[in-house]
2 protein chains.
Amino acid sequence: MDTENTRTHIVQLAQRLIQERGYNGFSYRDLAASVGIKTASIHYYFPQKEDLLLAVISDYQTRWHEAIQNIPSGLRADEKLRAYVEIHRRACAGNQLICIGGILAAELGSLPGCARKALQSFYACNEQWLVELLEQGAREGSLRVPGDVRVSARAIYAALQGGLVSARLFDHQERATDLLPCLLA
Amino acid sequence: MDTENTRTHIVQLAQRLIQERGYNGFSYRDLAASVGIKTASIHYYFPQKEDLLLAVISDYQTRWHEAIQNIPSGLRADEKLRAYVEIHRRACAGNQLICIGGILAAELGSLPGCARKALQSFYACNEQWLVELLEQGAREGSLRVPGDVRVSARAIYAALQGGLVSARLFDHQERATDLLPCLLA
DNA sequence: GTCTATAAACGGATAGAC
DNA sequence: GTCTATCCGTTTATAGAC
């Protein structure tokens, strides 16, 4: 297998393992078993585990950004919001997983320090998208937007991340969308 | 030091370590160093790490329940909600910690299976309290309660847990209270 | 690039003395 | 109850052969 494929394979498996078990819940051994190579070979691509962590976050954010851009710009704000929540739910594959951002931010205290900025950037990117969504929703009257849109955007994103966590805990998909009724006008 | 004190001491230190680093982010060694005993002595109280985990959740839930009961029943619903959020913020000691429920639910995939029910119970207990709060708020008109109170209660609790996570990530206390403006009538 | 082999530290856990 | 001593699997990481 050529280099880029193996590297990509490792990153995507690590991503899934993190979504399932968290950064402290998987090892190079788990990864090696799944990829079908030895742990030493993983160190060839990612000398330290924190190198892998940063690669995972960066890759996830890139593909996330693409997914968001693919939400048709012609939709009403409430429709976009539904689509946005739906993307999250799909990324969590039937409640077995949660969002990389949520699990890693929760583990922050036991993560290598370099992860913090990357996670802040991931959060900020999503919150900025929500700010623009809320502005559109306020113009249209399709979303209820009380007060500062930035505060609302942060609250919505926190509610979504928390919702994914509780959806898995109760194995109850609807918990991921509980925030919607509170926001629709 | 007598038995009950040492045991209590261990539980409370473990609780703090979990709030800071998560279940997979601390070891009996960390605990021993802080308590001032050897790891073997911790095994005397908690033979397996999962025994300690269950004790921590149980103890946390008990004290949590007491704290909620201490919110004066004469308050308006919106005042109670502010008090409730404030208790959470205080339990997180200036953004260094998050709630036990939030971090453990996020780590669920790498926790011993026995933790799940305890965590569901913890979530359900808080959500039930919020259901009653919302009913009071609807009667009084002091809270905005759109649609099903159970759905709203779950959304609020998820938003609060997510808010504590993001407050720590950005070291920004206000993020814990971002959900309030969306709820006050 | 991937392997074998290995290092060195850490993890949870136990036996048995005091 | 707490200790010392120890077991043994795991984990991250490196050296060097192929």
Side-chain angles (χ1 to χ4, degrees), chain A residues 1-57 59 103-104 107-115 118, chain B residues 1-57 59 103-104 107-115 118:
Chain A
M1 201 179 292
D2 83 288
T3 299
E4 259 328 293
N5 278 353
T6 303
R7 194 190 152 92
T8 301
H9 195 184
I10 293 168
V11 169
Q12 292 188 354
L13 270 165
Q15 187 178 297
R16 197 184 169 92
L17 283 169
I18 290 173
Q19 286 185 264
E20 189 186 338
R21 309 186 208 165
Y23 180 73
N24 294 308
F26 83 97
S27 70
Y28 273 33
R29 182 188 264 199
D30 301 319
L31 223 37
S34 295
V35 181
I37 56 178
K38 302 295 176 181
T39 63
S41 305
I42 300 182
H43 280 281
Y44 168 79
Y45 297 97
F46 304 100
Q48 321 244 28
K49 202 184 176 187
E50 62 180 73
D51 300 324
L52 175 56
L53 175 62
L54 293 179
V56 166
I57 298 174
D59 177 76
I103 172 65
L104 290 177
E107 282 185 303
L108 190 70
S110 52
L111 251 39
C114 60
Chain B
M1 199 179 293
D2 85 285
T3 300
E4 259 328 293
N5 278 351
T6 303
R7 194 190 150 91
T8 302
H9 194 183
I10 293 169
V11 169
Q12 293 188 354
L13 270 166
Q15 190 178 292
R16 197 183 169 90
L17 283 169
I18 290 172
Q19 286 185 264
E20 189 187 338
R21 308 187 210 165
Y23 180 74
N24 294 308
F26 83 98
S27 70
Y28 273 33
R29 187 179 281 200
D30 301 319
L31 220 38
S34 295
V35 181
I37 57 178
K38 301 296 176 179
T39 63
S41 305
I42 300 182
H43 280 282
Y44 169 77
Y45 296 98
F46 305 99
Q48 319 243 30
K49 201 184 178 188
E50 63 179 74
D51 300 324
L52 175 57
L53 175 61
L54 292 179
V56 165
I57 298 174
D59 177 77
I103 172 66
L104 290 178
E107 282 185 303
L108 191 69
S110 51
L111 251 37
C114 61

Subject >> A:E107 (side chain) donor-acceptor with A:Y23 (main chain) under 3.5 angstrom >> reply: yes

**OP:** Check the distance between D:dT4's C1' and B:H43's NE2 and give it to me in whole angstrom.
**Re:** 14 Å

Original post:
Hey, which of these two, A:E50 or A:R29, hits DNA chain D nearer its 5' end, going by closest nucleotide?
Top reply: A:R29

**OP:** Name the closest nucleotide to the A:I37 side chain, picking from C:dC3, D:dT12, C:dA13.
**Re:** C:dC3

Original post:
With a non-hydrogen cut-off below 4.0 angstrom, is A:F26 in contact with a base, only sugar-phosphate, or nothing?
Top reply: sugar-phosphate

Subject >> Atom-to-atom span, CZ of B:R7 to P of D:dT2 - whole angstrom >> reply: 12 Å

Original post:
Can you tell me if the side-chain N/O atoms of A:Q48 get under 4.0 Å from OP1 or OP2 in D:dA13?
Top reply: yes

Subject >> Point-to-point distance, once rounded to the nearest 0.5 Å, from CZ of A:R29 to CD1 of A:I42 >> reply: 12.0 Å

**OP:** Round to a whole Å and report the spacing from CG of A:D30 to C1' of D:dT12.
**Re:** 13 Å

Original post:
Is it the case that B:K38 places NZ or CZ above or below the six-membered ring of B:Y44, under 6.0 angstrom from the centre and within 45 degrees of the axis?
Top reply: no

Subject >> Phosphate-side-chain proximity, B:Y45 and D:dT2, N/O vs OP1/OP2 below 4.0 Å >> reply: yes

**OP:** Calculate the interatomic distance between A:N24 atom CG and C:dG12 atom P; express it in whole Å.
**Re:** 12 Å

Subject >> Test item: A:F26 and A:E20 side chains (from C-beta on) under 4.5 Å apart, heavy atoms >> reply: no

Subject >> Among D:dT4, C:dT2, C:dT4, the nucleotide that comes nearest once only the side chain of B:K38 is considered >> reply: D:dT4

Subject >> Close side-chain approach of A:V11 to A:Y45, heavy-atom, < 4.5 Å >> reply: no

Subject >> Length of the OH-P vector between A:Y28 and C:dT4, whole Å >> reply: 19 Å

**OP:** Using atom NZ of B:K49 as one end and atom P of D:dT10 as the other, report the distance to the nearest whole Å.
**Re:** 16 Å

**OP:** Examine C:dT2: is either OP1 or OP2 under 4.0 Å from a nitrogen or oxygen in the side chain of A:T6? Give yes or no.
**Re:** yes

Original post:
Whole Å only: how far is the CD1 atom of B:I42 from the C1' atom of D:dC3?
Top reply: 13 Å

Original post:
Within the structure shown, what part of the strands sits under 4.0 Å from B:S27 by heavy-atom distance: base, sugar-phosphate, or nothing?
Top reply: sugar-phosphate

**OP:** Would you mind reading off the distance between B:D51 atom CG and C:dT14 atom P, rounded to a whole angstrom?
**Re:** 10 Å

